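Here is the structure we will look at, set down as structure tokens.
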Amino acid sequence: MELRERRIGIEALAVQLPRSYLDLGVLARANGTDPAKYYFGLGGRRMAIPSADEDSVVLAVRAAGVLLADRAADVSSIGMVLVGTESGVDAAKPIASYVHRMAGLPSDCRVLDVQHACYGGTGALRLAAAWVLGGARPGRKALVIATDVARYDVGSPGEPTQGAAAVAMLVGEEPRVLELLPYPEAVHAAEVMDFWRPTYRSTALADGHYSMQCYLDALESCWRRFAGATGLGAGAFDYLLYHTPFPKMALKAHRRLCELSPDGPPAGGADADWERRVLPTLWANMEVGNAYSASLFVSLAGLLEHSEIDAAGARLGLFSYGSGSCAEFLAGRVGPDASAWRNRTGLRDALAGRRELTYEAYLRSRRSYEEQGRDGSFRAAAGGAGPAFCGTWNHQRIYRDAAWRSGTGWTSGEERTAEEASPFRAGHASRGAQAGS
Ligand code: COA
């Protein structure tokens, strides 16, 4: 039952990752844990670790830059920027504002963040699609970015499930990457305390095993709604993508979905079916770790970038879960030229360009991140091109404000240093931070 004639969905997609990673075996040995627990018990391989000059803003701006460099859209056609994130850098100012300025988007643009733990990116995608279809700004497209940095305390059970990524998506009526199929919505909300991050903390807290139970309860509720309203079973999908805090969670989710599917268990059992219809979507998550709101879209990019799969026309079932909680099961169809996205989303370049950290370097990078977030921690950005977080000065976050020249990349020649970009240079001092606004 497809109710809509106009098509809507993701027209283009770009992924950005931190420059460094930590191997989970290195972390396991440092924690006195059997590496098999992290590699096989949780299913991860590596986790992306941001440097002190990389935060959720920088990852989002870089992803937007890759998307726009691909000439996926004329920047003047973008009428809304929605950032799905749970790694906000300010309790009032949205990441979307920084993206809007640094990507050079037009001023007649609505910009805001959407927050609900790992569901924020999916919520933003759904709201953007409804806005485009609503037709308030005919011809305009929306830029949706899911960006997050997952940080848990050193030595905590959540530590091996850290990670970070940003996925930028152009939402419009020519869904070449993924068309959102117009089935009735299958959403679920329940106020639970399974995972949270108080505003005074830089790391998340989780009741880990309870959060897995909440995830599976929400999946069950969404799936019953979806299957009940559509009459479809799990067999209707070529691939199933699950929110992936760690890859083993997607196996647990698939087992549950198959148990409840009206078309009965898959031939050969749920685990064999998982290898066929879920595992091909997880290889990038295994490299990146948990990217919270971006995780589901890292799986989508992984499927598009899979070296042995041409997903053209594939029907996807996608499950998004945000602790706290809100969840949704939705269906999509990959565009007919899926193979055109291979080596084009930025994912493979970002993975190939990473450097491995030692455990000591990982600890140093965490300490440096904490320092950098303190007021008065301003320092000029190091070399390299592109946006960078340079510290906090007079209660304002300072970013290296690289110029973006469409189609040519970040132009280091036009960069201003952090000091030049600072609003506290001569002539700008009167714009210093004030209480309230
Ligand atoms: N070799 C292989 N597997 C091993 C192992 C070993 N030496 N030791 C343990 N394992 C397996 C366990 O059997 C378990 O697998 P199972 O779930 O299939 O039974 C898995 O590794 C994890 O072990 P467990 O003891 O449950 O891990 P934990 O209690 O230390 O932490 C989380 C697991 C998920 C609770 C923790 O990482 C966390 O809090 N994460 C953050 C919250 C989160 O991601 N929630 C998910 C829903 S949003």
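Indexing begins at 1, ligand by ligand and atom by atom, following the structure's order. Keep in mind the model is a prediction, meaning the values are calculated, not measured.
- With respect to the salt-bridge test (charged N to carboxylate O, under 4.0 angstrom), the residues Arg45 and Asp23 do not qualify.
- A centroid separation of 6.0 Å or more is found between the aromatic rings of Phe329 and Phe319.
- In terms of protein heavy-atom proximity, atom 38 (C) of ligand 1 is nearest to Gly158 CA, 3.8 Å.
- For ligand 1, the atoms lying closer than 4.0 Å to a non-hydrogen atom of Gly208 are 35 (C), 39 (O).
- For atom 44 (O) of ligand 1, the choice among Pro160, Ala204, Ser211, Pro245 with the nearest heavy atom turns out to be Pro245.
- The nearest heavy-atom contact from the protein to atom 7 (N) of ligand 1 is Asp34 OD2, 3.0 Å.
- At a 4.0 Å cut-off, not a single heavy atom of Tyr39 sits close enough to ligand 1 to count as contact.
- The minimum heavy-atom distance linking Ala164 with Leu59 is given by the pair CB-CD1, 4.2 Å.
- Stacking of Lys252 on the aromatic ring of Tyr215 is not recorded, the 6.0 Å distance cut-off and the 45° axial limit not both being met.
- With respect to atom 22 (C) of ligand 1, the closest heavy atom belonging to the protein is Leu42 CD2, 4.0 Å.
- Atom 37 (O) of ligand 1 has Pro157 O, 2.9 Å as its closest protein atom, hydrogens excluded (heavy atom only).
- Side-chain atoms of Arg277 come within 3.5 Å of backbone N or O of Phe237 as a donor-acceptor pair.
- The single protein non-hydrogen atom nearest to atom 30 (O) of ligand 1 is Lys37 NZ, 2.7 Å, given as residue, atom name and distance.
- Contacts between Phe195 and ligand 1 below 4.0 angstrom, taking non-hydrogen atoms only, are absent altogether.
- Ligand 1 has Phe246 within reach: a non-hydrogen atom of the residue lies less than 4.0 Å from it.
- Using a 4.0 Å cut-off to heavy atoms of Thr161, the atoms of ligand 1 that qualify are 37 (O), 40 (N), 41 (C).
- There is no protein heavy atom closer than 4.0 angstrom to atom 32 (C) of ligand 1.
- Taking a cut-off of under 4.0 Å to the non-hydrogen atoms of Lys248, the atoms of ligand 1 that pass are 15 (O), 16 (P), 18 (O).
- Among all non-hydrogen protein atoms, the one lying nearest atom 2 (C) of ligand 1 is Ala36 O, 3.5 Å.
- Remark: distances from the non-hydrogen atoms of Lys252 to ligand 1 include one below 4.0 Å.
- Protein heavy atom in closest approach to atom 26 (O) of ligand 1: His209 CE1, 2.9 Å.
- Arg355 forms no cation-pi arrangement with Tyr21, by the criterion of a distance under 6.0 Å to the ring centre and an angle within 45° of the ring axis.
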Check against side-chain contact (heavy atoms from CB on, under 4.5 Å), Val154 and Arg366: CA-CA 9 Å; Val154 170; Arg366 288 189 60 119; 3.5 Å; yes
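- Using the six-membered ring where Trp is involved, Phe195 and Tyr292 have ring planes that are perpendicular, over 60° apart on the 30 and 60° scheme.
- Using modelled atom types, one finds no donor on one side chain facing an acceptor on the other under 3.5 Å when comparing Tyr369 with Arg367.
- Ring orientation note: the planes of His243 and Tyr321 are tilted relative to one another, at an angle of 30° to 60°.
- Residue contact check: Gly41 has heavy atoms under 4.0 Å from atoms 3 (N), 11 (C), 15 (O), 20 (C), 21 (O) of ligand 1.
- Ring geometry, Tyr362 versus Tyr359: the interplanar angle falls from 30° to 60°, so the pair is classed tilted.
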